[in-house]
Amino acid sequence: MSGPPNTTKTVSRRRFLKVGVAGSAALALGGALAWQTRGYEVPAAVSSRLRALSPKEYLIAKAVAARVLRRDADDLPMPEELHVAEYIDGMVARLDEANRTDLKRLLHVLEHVLPWSAAKPSRFTRLDGAGKDAVLASMMSSSVGLLRGAFEALKSLCVMAYFRDARTWGAIGYDGPLLNRPVEGWARLRVRERR
Amino acid sequence: MSGGFRRGREIQQDVAATADVVICGSGAGGSMAARELARSGLSVMVLEEGGDHTARDFTQREDEMIPALFQEMGGRRTEDLSVMILSGKGLGGSTVHNTNLCKRTAPEILTQWREDHGLRGISEQSMSPFFQRVEQDLGVVPIDPIRLNGNNQILKAGAEHLRYRGGMLSHNRDERCIGSGFCELGCAYDGKLNARRVLLPQAVEAGAIVYSDARVVRVLHDDGEARGVEGVLTDANGRSRAGIRIHTRTVCLAGSAIGSASIALRSGIHDPHSQIGKSLRIHPGAIISGVFDRVVESFRGIPQSYECTEFLDLSKGSNKRVWIIPSFAHPIGSSALTPGFGPALMRQMRNYPRTAVLAGMIHDETEGRVYLDGERTRIDYVPNAQDREQLALGARESARIFLAAGAREVMIPAVPPMYVRRESDLSQITAARFAPNDAKLTAVHPMGTLRMGADPHSSVVDERGRHHHLSGLYVVDGSLFPTSIGGPPQMSIYAFAMKVSGHVVQDMRARS
Ligand SMILES: Cc1cc2nc3c(=O)[nH]c(=O)nc-3n(C[C@H](O)[C@H](O)[C@H](O)COP(=O)(O)OP(=O)(O)OC[C@H]3O[C@@H](n4cnc5c(N)ncnc54)[C@H](O)[C@@H]3O)c2cc1C
Ligand code: SF4
């Protein structure tokens, strides 16, 4: 039995992305035709390795990761040291086409549209650290549920790319896979149930 | 027919074949059906869209195992992005990475199915022989209390302090389990008596041919009768390499509640009452973490061994529908569920070894829906008001249990996060905080979507698992359930798959 209809504002993923893409298109029409790529140069050595993201998308992802994964103390590595944005590119390459397209669109919406709704009228990548944090925070606590969900999706990619690396584990008290190291006392307990 | 495992990724050319039965998906339901049907002398082919991963492939690394073992690389979400739904992909399906808890379908649930859905032959008594066989086959035993890890000890201590009902659970692991704690990433020690280790080899021994990397696109049918299945063989990343077409007059859907509904929808099966894909249940759960002053190291040992059932009453109309169990994750999963970003996130992550996590999983009444948008499968699921009350109840009582066990601080990931340091803070945990994309919800038990029932106006298959309108089409996975079951589903799925397999054999004999 279902309860009364849910009155919370929900927007479908597709509708949100359509709105976002329309917003980007409006920006494109309003600015120079070349806005999409100008100012998004990455070294050839990096761009030649990208599998799914364009150089522009790579730079947006890198800027997001730098803020999401900003450390509180220097016993944790910097995201750049771990090549987090390159790893995100690899993950996006493995997504099915529909999810890959959605994610890439989201990066463009974040770059061109969301700063405006957070009262930061600039491209996301051009904001200073505090400005970027303000945009991400407004996304994270947006009244539009879907934007909060989109933030979580981006954050999931970032933390996957970061906490996969053994160099992050010591600082958070995790000792990593048990394989290839001696089995310690705690793990020696075997199932003793009588069958 | 001589059986075997075949890897789609190693096959270059299109495959065309004939079989008595084709099973689409190889999880709990598909593997059980494969074994039962092969043992009854039928020629059986299993097509599984994921890869074949066994103990030596499991690296205990989240970044490698989550994308390999979970649908949509672990990122499957409802359409509004508010609930993460985890389910498996690969030979053995979700049983490869599940946490091995075993419980029979509660008698109250079977009674509801009989009384409300016209499943006259289903009762505790009639299902008991199936459960007995499943438990024997999969080595189900109570978990020895010595195996309680830090996280489970905290749940037990808190529940006992509050005099809440609770107890040890049963599982299907054997002596190879060393308590490594990596269950959700596959068992590198082969300690799980799951579908891949137990049932699929038995199916192959009995003659079944089991393809991995073989995605079923649609069921072929004509004149109200199943004629076969059509699909693709893929590379390791799921990209199509060749076609596969199997001629058969009997097809069993076993792609789980989301996968099976998608296949049925793509196949254009006669569905006059638009029932396919409806009634999705998922047991959504809110995650609650407690930080302690002492080291807990919840990531070590068997992840789930104790349950609190104080707020779980499965009788009809009950307003206690919460199952509280531990739910710890490794660093990637934990950080994704920890609120905030930047230094605030990193500071929280430093509590990792001192943190315990509980999930208040609900026996849900909300009916979600699986549907197609072009070729893409989409999922709608928005908890209704009563279920949001239950989510709040689960979070509140989990927080209370943590406080009783001595937690320094309890946190419920939400926007903004809810922090509890004393009893008086519990009152902030209300249903209003469980609006979509507010509190983080996770679900690991998709069910329903092709449900059993006597009335074709409100169900997809009958009590025998047989499609109401398409002869030769059966459902043998969690899609069968008419309602949520309020507990770990694998035993129920194994048992119902065994039952339906018996009917398939009877029907085929009658037909020939
Ligand atoms: C993290 C986690 C922990 C869990 N812990 C427990 C537990 O402790 N106890 C418990 O009882 N349950 C647990 N479960 C749930 C349990 O494992 C599932 O309910 C059960 O395995 C579902 O069985 P199924 O046959 O319906 O589907 P699955 O086991 O999910 O199998 C479906 C299979 O079909 C395949 N498939 C889908 N579409 C297609 C297609 N088009 N073509 C070919 N193949 C396809 C999928 O790749 C998959 O391998 C857990 C689940 C998760 C995710
Ligand atoms: S806890 Fe046991 S069953 Fe789980 S992964 Fe470790 S050894 Fe395997």
Discussion item. Does this structure show an ion pair linking Arg167(A) with Glu81(A), if we count only N-O contacts that are shorter than 4.0 Å?
Written reply: no

Practice prompt. Please flag which part of Arg239(B) lies under 4.5 Å from any non-hydrogen atom of chain A: side chain, backbone, both or neither.
Written response: side chain

Worksheet entry | Ser82(B) portion near chain A, given a 4.5 angstrom heavy-atom threshold | neither

Discussion item. Quick check on the interface: out of Ser156(A), Ser142(A), Ala73(A), Ala161(A), who has the most heavy-atom pairs with chain B under 4.5 Å?
Written reply: Ala73(A)

Worksheet item: Under a 4.5 Å heavy-atom cut-off, does chain B meet the side chain of Leu157(A), its backbone, both or neither?
Response: neither

Fill in: Toward chain A, the part of Asn149(B) with a non-hydrogen atom under 4.5 Å
neither

Item to complete: Look at Glu152(A), Arg67(A), Glu97(A) and state which one has the largest set of heavy-atom pairs under 4.5 Å with chain B.
Response: Glu152(A)

Fill in: Side chain, backbone, both or neither of Pro416(B) within contact of chain A (heavy atoms, under 4.5 Å)
neither

Fill in: Pair Asp364(B) + Arg281(B): basic N to acidic O under 4.0 Å
no

Worksheet item: Does the pair Asp175(A)/Arg300(B) count as a salt bridge with the N-to-O cut at 4.0 Å?
Response: yes

Worksheet entry | For chain A, the option from Leu337(B), Asn437(B), Thr483(B), Asn237(B) that forms the most heavy-atom pairs under 4.5 Å | Asn437(B)

Discussion item. Quick check on Ala93(A) against chain B: is it the side chain, the backbone, both or neither that has a heavy atom closer than 4.5 Å?
Written reply: backbone

Worksheet entry | Heavy-atom pair count under 4.5 Å with chain B, highest-scoring of Phe163(A), Phe151(A), Tyr174(A), Trp169(A) | Tyr174(A)

Worksheet item: Should Arg56(B) and Asp190(B) count as an ion pair when the cut-off is N to O under 4.0 Å?
Response: no

